[in-house]
Protein chains: 2
Amino acid sequence: MYDFVRSFFFYGSRNHLMSQPDTKQRILNAGEHLFARDGYHPTSLRSITTEAKVNLAAVNYHFGSKESLLEAVIERRLEPLNKIRLGQLEALLEKTGQAGESPTCRDVLRTFIEPTLRMRIHGSDSEDFVALIGRILAEPRSVAMKIFMHHMEPLMNRLFYALALSLPELSRQTLFWRVHFAFGSLSHIMRYHERQAMIPEDVNIDMPVDDLIELFLDFATAGMEAS
Amino acid sequence: MYDFVRSFFFYGSRNHLMSQPDTKQRILNAGEHLFARDGYHPTSLRSITTEAKVNLAAVNYHFGSKESLLEAVIERRLEPLNKIRLGQLEALLEKTGQAGESPTCRDVLRTFIEPTLRMRIHGSDSEDFVALIGRILAEPRSVAMKIFMHHMEPLMNRLFYALALSLPELSRQTLFWRVHFAFGSLSHIMRYHERQAMIPEDVNIDMPVDDLIELFLDFATAGMEAS
DNA sequence: ATACGATTTAAACGTATGTTTGAATAAGGT
DNA sequence: ACCTTATTCAAACATACGTTTAAATCGTAT
């Protein structure tokens with residue numbers, strides 16, 4: 001029986017001694033890497049299976065199709081990441097709510113940005129994923145975008161609510177556009193984590209994550225709070 | 001003789017009564033539209049020539065290859081746009097220089113952003129081009145990116161110089177990153193000029209360009225000037 | 001040992017792609 | 001009218017792609 005069909009009925013219930021080798025994970029890793037580096041369309045299943053050192057048919061056997069593989073690649077990391085981001089956001093809302101205060105804009109943004117950028121750290125196994133999401137955010141109307149948005153909606157609504165709390169003087173219109181701007185910045189630095197053209201030699205592109213996070217929060221918070 | 005070979009030797013010197021029909025322009029328009037809407041790789045020459053109502057071979061005859069067509073599409077609008085942006089920037093530097101002052105950050109950013117976003121106006125013939133550039137900026141290492149950067153370098157250097165003048169207290173390091181952030185925001189709104197997921201119903205996505213420019217300058221200037 | 005389901009493998013399938021070809025047509029100069 | 005050149009056109013080319021197939025192999029329970 002095809003593995004991806006079985007998964008549909010027995011999701012997560014790998015039976016008998018976990019007999020399966022790491023084929024699935026190897027495909028996910030290779031897909032994540034190549035989708036992030038070259039984009040979805042230019043990446044062929046043959047390049048993925050070569051890098052993963054598995055047979056060409058393994059992708060269709062385990063995932064059903066190239067598109068489903070992309071979905072699996074996204075879900076594997078986005079699900080836990082969103083759990084962390086939502087957890088931190090709810091904790092912040094809880095804490096400030098009990099004190100009868102509004103959260104600060106910087107703190108709200110931090111719950112979203114910090115867990116994201118921490119994945120970007122060099123050598124991390126989720127390094128490629130960050131760049132992949134950056135690319136996806138830049139492709140309106142793509143299948144990837146649809147998959148991504150499906151997983152983002154609840155978190156986005158909550159984030160928007162928290163930001164409105166922290167910036168009560170802004171109109172919904174203005175708030176939305178500024179969130180839009182801030183997301184643009186974030187997706188941009190998610191993509192560019194390697195030295196590119198247009199970057200002067202004396203600029204440190206490999207800035208420590210913690211510094212980058214504060215640098216970005218300085219920028220984004222000031223932009224959001226602009227009078 | 002192939003047209004694109006002739007162009008190499010007699011660039012811009014169409015001789016005798018401009019006998020050529022609008023085939024080249026129709027291809028450029030269709031390519032601009034489809035590259036912007038679907039991306040470079042997913043767009044086939046057949047879809048371009050169908051939309052342009054020309055023969056399939058016309059692209060290779062007039063431009064040489066799909067990649068050269070992309071280059072022509074980019075150059076057609078980027079060249080005049082950059083001339084305008086550089087002109088406004090030099091005028092600003094001249095004016096403030098003669099008064100012995102530094103330009104303001106907002107004015108410097110305006111010379112770059114205003115001509116760009118004005119192209120985004122609905123119904124404009126360069127509307128698609130803005131989205132295309134937005135996409136290109138989101139694809140590091142792509143051919144499109146290389147073509148684009150080649151045309152941007154002089155302007156970028158000058159812009160960086162002017163921004164350093166307007167924000168003398170910032171370190172080069174910080175200045176670079178904030179420019180990076182601002183460019184991320186800009187490329188994001190260049191892509192998203194249609195209603196997408198994640199956009200609340202009561203938000204006006206078709207905001208007048210002048211309002212959008214000021215809205216964005218508020219955000220970007222505050223971010224650049226953050227203390 | 002045997003049987004059985006899960007997985008791997010090599011090969012093939014059908015289709016879509018960018019590009020090339022060579023003939024046909026159009027246009028202008030002499 | 002004729003020649004020359006530019007352009008259009010239908011057809012074919014070679015290749016790369018995602019997917020499917022059917023046999024081979026592996027692992028485990030009986």
Side-chain angles (χ1 to χ4, degrees), chain A residues 1-28 30-31 34-35 38-73 143-144, chain B residues 1-28 30-31 34-35 38-73 143-144:
Chain A
M1 191 194 287
Y2 294 114
D3 190 67
F4 74 95
V5 172
R6 208 176 54 137
S7 296
F8 184 79
F9 294 105
F10 308 102
Y11 185 64
S13 72
R14 182 149 312 292
N15 27 3
H16 312 305
L17 274 181
M18 302 284 287
S19 69
Q20 151 169 326
D22 47 354
T23 305
K24 263 180 111 160
Q25 294 302 321
R26 295 234 302 283
I27 293 174
L28 286 170
L34 294 174
F35 287 155
D38 303 329
Y40 175 71
H41 281 102
T43 299
S44 68
L45 289 185
R46 283 166 176 83
S47 68
I48 291 175
T49 51
T50 301
E51 173 162 325
K53 286 175 183 151
V54 299
N55 186 272
L56 167 61
V59 171
N60 288 280
Y61 176 75
H62 284 287
F63 298 95
S65 69
K66 185 185 178 185
E67 192 174 316
S68 299
L69 169 61
L70 175 65
E71 188 160 357
V73 166
V143 272
Chain B
M1 189 193 288
Y2 293 113
D3 190 68
F4 75 95
V5 172
R6 208 175 56 136
S7 296
F8 185 79
F9 293 106
F10 307 102
Y11 183 65
S13 74
R14 180 148 315 289
N15 27 4
H16 313 306
L17 274 181
M18 302 284 288
S19 68
Q20 149 169 329
D22 47 354
T23 305
K24 263 178 113 160
Q25 294 301 322
R26 295 234 302 284
I27 293 173
L28 285 171
L34 294 173
F35 286 155
D38 302 329
Y40 175 71
H41 280 102
T43 298
S44 69
L45 289 185
R46 282 167 177 81
S47 68
I48 291 175
T49 52
T50 300
E51 173 162 326
K53 286 175 183 151
V54 299
N55 187 273
L56 168 61
V59 171
N60 288 280
Y61 175 75
H62 284 287
F63 297 96
S65 69
K66 185 186 178 184
E67 190 174 317
S68 299
L69 169 61
L70 175 65
E71 188 160 358
V73 166
V143 274

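Chain letters run A, B, ... following the sequence lines, proteins first, then strands; residues in each count from 1.
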Using whole Å, what does the distance between atom [atom2] of nucleotide [N] and atom [atom1] of [X] come to?
X	N	atom1	atom2	value
A:H62	D:dT19	NE2	P	15 Å
B:L70	C:dT19	CG	C1'	17 Å
B:N55	C:dA26	CG	P	14 Å
A:I27	D:dT19	CD1	C1'	14 Å
B:F63	D:dT7	CZ	C1'	14 Å
A:Y61	C:dT9	OH	P	12 Å

*Determine, for nucleotides 21-26 of chain D in 5'-to-3' order, which nucleotides have protein heavy atoms under 4.0 Å from the base (write B), from only the sugar-phosphate (write S), or from neither (write -).*
B-----

Partners meeting side-chain contact (heavy atoms from CB on, under 4.5 Å) with [X] (sequence neighbours left out):
X	answer
A:L28	A:Q25, A:F63, A:L69, A:A72, A:V73, A:R76
A:T50	none
B:T43	B:L34, B:F35, B:D38, B:S47, B:I48

*Partner set under side-chain hydrogen bond (donor to acceptor under 3.5 Å, both in side chains) for B:S65, not counting sequence neighbours*: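 With sequence neighbours excluded, B:S65 shows a side-chain hydrogen bond (donor to acceptor under 3.5 Å, both in side chains) to B:S68, given in chain and number order.
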
_Going by the rule side-chain hydrogen bond (donor to acceptor under 3.5 Å, both in side chains), which residues pair with A:E67 if we only count those two or more places apart in sequence or in a different chain?_
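For A:E67 there are no side-chain hydrogen bond (donor to acceptor under 3.5 Å, both in side chains) partners, ignoring immediate neighbours.
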
Report all interatomic pairs (protein N or O, nucleotide N or O of nucleotides 12-18 of chain C) with separations under 3.5 Å.
residue: C:dG18; atom: OP1; partner: B:T43; partner atom: O; Å: 3.4
residue: C:dG18; atom: OP1; partner: B:K66; partner atom: NZ; Å: 2.8
residue: C:dG18; atom: OP2; partner: B:L45; partner atom: N; Å: 2.8
residue: C:dG18; atom: N7; partner: B:R46; partner atom: NH1; Å: 2.9
residue: C:dG18; atom: O6; partner: B:R46; partner atom: NH2; Å: 3.0

*Which atom names give the shortest non-hydrogen contact between B:N55 and B:T49, and what distance separates them?*
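Minimum heavy-atom contact is O-CG2, 3.5 Å.
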
*Compute the angle between the rotation axes at the two ends of the helix from C:dA1-D:dT30 to C:dT30-D:dA1, each taken over five pairs, rounded to 10 degrees.*
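The end axes of the helix from C:dA1-D:dT30 to C:dT30-D:dA1 are about 10° apart, to the nearest 10°.
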
